[in-house]
Amino acid sequence: MNIAVLGPGAIGSLWASRLHSAGHTVSLWSRQTPPTLSIQLDQRQPTHFINNSIEALAQADLILVTLKAPNVEMSLAKLKSQIHNDTMIVLMHNGMGTAEKVNLLLPNNPLILATTTHGALRETTNQVRHTGLGKTELGGYNKAGKRCEFLAEVFQHALPQVVWNPTILDALWNKLAINCAINPLTAIHKITNGELAQERYAEPLHSIINEVALVMQAEGIKTDSEVLSQSVAQVIQATAKNLSSMQQDIVHQRQSEIDFITGYLIEKAQHHNIATPVNRSLYDAVKNIEQGWN
Ligand code: PAF
């Protein structure tokens, strides 16, 4: 397949390298301007990818979008005229809310959503380390996207484990719950994920999760605060030494994904008339930090 990876950060570079090794013709679309970019994954030979080629984008059977949520809509809007109607679009990022926007922007394209637990770290501009094996779930968002089940096999061949999930929104909501619990608290208190296991965070975590559970139930997802608490605790333990993506963004004064994580939750809560005061105060705190930058 001809595949373009839009936003080759750590996860995008991991997938670009693995899809290339699986035999696909992979190009990149990145903020960097050189016409070719080389990426070295772990100890493998570096791969030289074509970068920012309008021709490669126009010929893509599949565009894998691994940009951060706040950049997805604007980047695709700029490239819209170069994207063929049949090109499958896969969105893979933290947070929710981009699918609605992309579906309006490119209504004819098959739209597929993905979530992954693989760990990847960009060590230098050209070097990426696969830090943890994980699982990837894919599922169709619109009618055309729901017909793309074969993509699970394409992705599985490149980097297992991959499953096709016909209820991908449930998987994304479960991931959103984990991000609502871990990301704002770690960013505000400048702590590792593991430090959230300390007693003093038990009450805030409990309140965040209770609010998220109510919104998820109103959205028709079968869950409860007990189940969510267990998955949050598991991720805190499994990623104890990590700095969450939001904590890293805040430290480096980069716009965070708060609007697509806690912001999305609050928007849905308002729709269902559910009060989310604890999540709201975390949202305001992260927004305040961001607005304090010059
Ligand atoms: O955003 C992140 O950092 C990750 O999604 C997670 C799961 C919270 C682990 O750090």
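Nothing fancy with the numbering, it's 1 onward along the sequence. Whatever order the structure lists them in is the order used to number ligands and atoms, beginning at 1.
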Geometry only, no angles: is S244 polar-contacting ligand 1 at N/O separations under 3.5 Å?
no

Steps toward side-chain contact (heavy atoms from CB on, under 4.5 Å) verdict (N51, S27):
CA-CA 6 Å; N51 183 42; S27 66; over 6 Å; no

Could you tell me, atom by atom, which parts of ligand 1 come under 4.0 Å of a heavy atom of N183?
1 (O), 2 (C), 8 (C)

I need the nearest protein heavy-atom contact for atom 2 (C) of ligand 1: residue, atom name and distance, please.
S245 OG, 3.4 Å

With a 4.0 Å cut-off on heavy atoms, is K175 touching ligand 1?
yes

Please classify the T117 to ligand 1 contact at 4.0 Å (heavy-atom distances, strictly less than): side chain, backbone, both or neither.
neither

Any idea which atoms of ligand 1 are less than 4.0 Å away from a heavy-atom of V235?
7 (C)

Applying ring pair (Phe, Tyr, Trp, His ring centres under 6.0 Å), name anything that partners W164, two or more places apart in sequence or on another chain.
none

Applying side chain to side chain contact (heavy atoms under 4.5 Å, CB included) between M216 and each of I221, V227, D224, report the one that passes.
I221

Of the listed options N193, N242, T239, closest to atom 10 (O) of ligand 1 (non-hydrogen atoms)
N193

Looking at every non-hydrogen atom in both residues, tell me the closest pair between V235 and I182 and how far apart they are.
CG1-CD1, 3.7 Å

S207 side chain to E203 side chain, donor-acceptor N/O pair below 3.5 angstrom
yes

What atoms of ligand 1 come within less than 4.0 Å of a heavy atom belonging to N94?
1 (O), 2 (C), 5 (O)

I need the nearest protein heavy-atom contact for atom 4 (C) of ligand 1: residue, atom name and distance, please.
N179 ND2, 3.8 Å

Between N94 and S245, does any side-chain donor sit less than 3.5 Å from a side-chain acceptor?
yes

Across all chains, not counting sequence neighbours, the ring pair (Phe, Tyr, Trp, His ring centres under 6.0 Å) partners of Y201 are H189

